[in-house]
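Only one structure is covered here, and it is reproduced in the block below.
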Amino acid sequence: MSNLKIGIILGSVRQGRNAEAVTDWMFDFAVKRNDNADYEIVDLADYKLPLLGETLPEAEQKEAEAAIQAWSEKMASFDGYIFVAPEYNHAVGGALKNALDYLKPEVANKAAGLVGYGSLGGARAHENLRLIFGELQVADVQTAVTFSLMTDFVNMSEFKPADYHAANANGMLDQVITWSAAFKALRKEPVTA
């Protein structure tokens with residue numbers, strides 16, 4: 001079987017975001033494991049997605065359609081995902097929710113792991129994402145990586161993760177790899193009734 005393609009989705013578009021450092025840490029950690037997986041960072045800020053259902057001026061419509069198409073194709077290209085999701089106001093950020101609303105067949109029957117940060121490690125954003133994934137037919141794995149703004153960031157801005165996060169990162173990656181491989185095999189088999 002060819003290597004699995006796992007997208008690491010940087011799920012914040014906010015200026016000065018901590019998500020870049022967390023995403024880079026997750027990417028480096030995953031690559032060093034030397035799994036049978038190819039990891040790629042996908043920065044949501046690179047896709048200028050309009051609000052779902054928003055009416056745009058004609059001059060902006062083609063650019064928006066191109067961004068939506070590029071986002072759809074990129075997400076469809078992966079066998080599984082790791083979502084880096086900060087917690088905003090007890091939930092997933094609006095930009096990531098909006099981006100997920102553009103998807104369904106692209107991500108259905110694939111696995112996802114969660115990496116979060118916030119005052120409670122992004123746990124409430126994770127719970128919010130689990131509800132969304134259920135509707136999108138994405139199988140989220142049990143183990144998550146949760147970074148606290150209080151203990152894993154200096155002055156809530158400089159990322160300095162504690163060493164103990166490696167155990168959860170390894171567990172989450174093991175589950176994402178296992179589930180992604182299983183779903184990849186299932187997606188290749190025709191279903192007959």
Side-chain angles (χ1 to χ4, degrees), residues 4-33 35 37-52 64 66-89 91-103 106-107 110-130 132-133 136 138 140-141 143-149 152-153 156-161 165-166 168-170 172-173 175-177 180:
L4 293 169
K5 289 185 68 183
I6 307 295
I8 301 178
I9 314 306
L10 195 166
S12 172
V13 298
R14 190 181 268 189
Q15 284 191 328
R17 60 195 175 169
N18 290 321
E20 289 181 81
V22 175
T23 301
D24 289 342
W25 181 91
M26 190 68 249
F27 176 81
D28 292 343
F29 188 93
V31 168
K32 286 177 187 170
R33 285 172 36 111
D35 294 323
D38 297 321
Y39 296 95
E40 179 182 343
I41 294 173
V42 179
D43 189 342
L44 189 54
D46 292 339
Y47 299 86
K48 306 299 182 210
L49 298 170
L51 289 175
L52 185 68
I68 293 165
Q69 183 67 30
W71 170 246
S72 172
E73 289 173 1
K74 178 54 73 178
M75 293 301 282
S77 74
F78 295 112
D79 298 307
Y81 310 95
I82 298 165
F83 284 87
V84 177
E87 182 176 318
Y88 299 128
N89 298 320
V92 65
L96 180 55
K97 172 63 168 90
N98 184 62
L100 290 170
D101 285 344
Y102 279 102
L103 306 172
E106 301 90 341
V107 296
K110 296 181 183 179
L114 299 168
V115 177
Y117 62 91
S119 59
L120 294 175
R124 295 173 292 204
H126 290 176
E127 292 307 312
N128 192 210
L129 280 170
R130 291 179 197 281
I132 296 164
F133 290 160
L136 296 178
V138 173
D140 55 280
V141 302
T143 303
V145 184
T146 57
F147 297 108
S148 169
L149 282 173
D152 293 306
F153 293 83
M156 291 196 227
S157 60
E158 184 185 352
F159 187 49
K160 298 277 188 182
H165 292 292
N168 278 351
N170 275 318
M172 182 267 295
L173 287 166
Q175 291 170 8
V176 167
I177 295 294
S180 294

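Tested against Asp35 for a side-chain contact (heavy atoms from CB on, under 4.5 Å), the candidates Ile6, Ile177, Val176 yield a single pass: Ile177.
Panel note: side chain Asp79, backbone Lys5; a donor-acceptor pair is recorded below 3.5 Å. His126 places a side-chain N or O within 3.5 Å of a backbone atom of Gly116 that can act as its donor or acceptor partner. Without hydrogens or angle criteria, Asn18 side chain to Met156 main chain gives a donor-acceptor distance under 3.5 Å. Within the 3.5 Å criterion, the main-chain N or O of Ser72 finds no donor-acceptor partner in the side chain of Tyr102. When atom types are taken as modelled, the side chain of Lys48 and the backbone of Ala67 share no donor-acceptor pair closer than 3.5 angstrom. Of the possible donor and acceptor atoms, none in the side chain of Asp152 sits under 3.5 Å from a partner among the backbone N and O of Phe159. In this structure, the side chain of Trp25 does not engage the main chain of Pro161 through any donor-acceptor pair within 3.5 Å. Judged by distance alone, with hydrogens and angles left aside, the side-chain atoms of Asn128 form no donor-acceptor pair with the main-chain N or O of Arg124 at under 3.5 Å.
The pair Glu127-Arg130 meets the salt-bridge criterion, with a side-chain N (NZ, NE, NH1 or NH2) lying under 4.0 Å from an Asp/Glu carboxylate O. We find that Lys97 and Asp101 are joined by a salt bridge, their nearest charged nitrogen and carboxylate oxygen being less than 4.0 Å apart.
Considering only residues two or more places apart in sequence or on other chains, Asp46 meets the salt bridge (charged side-chain N to carboxylate O under 4.0 Å, His left out) condition with none of them. In terms of the ring-ring contact (aromatic ring centres under 6.0 Å, His included) criterion, Tyr39 has no residue partners (sequence neighbours excluded).
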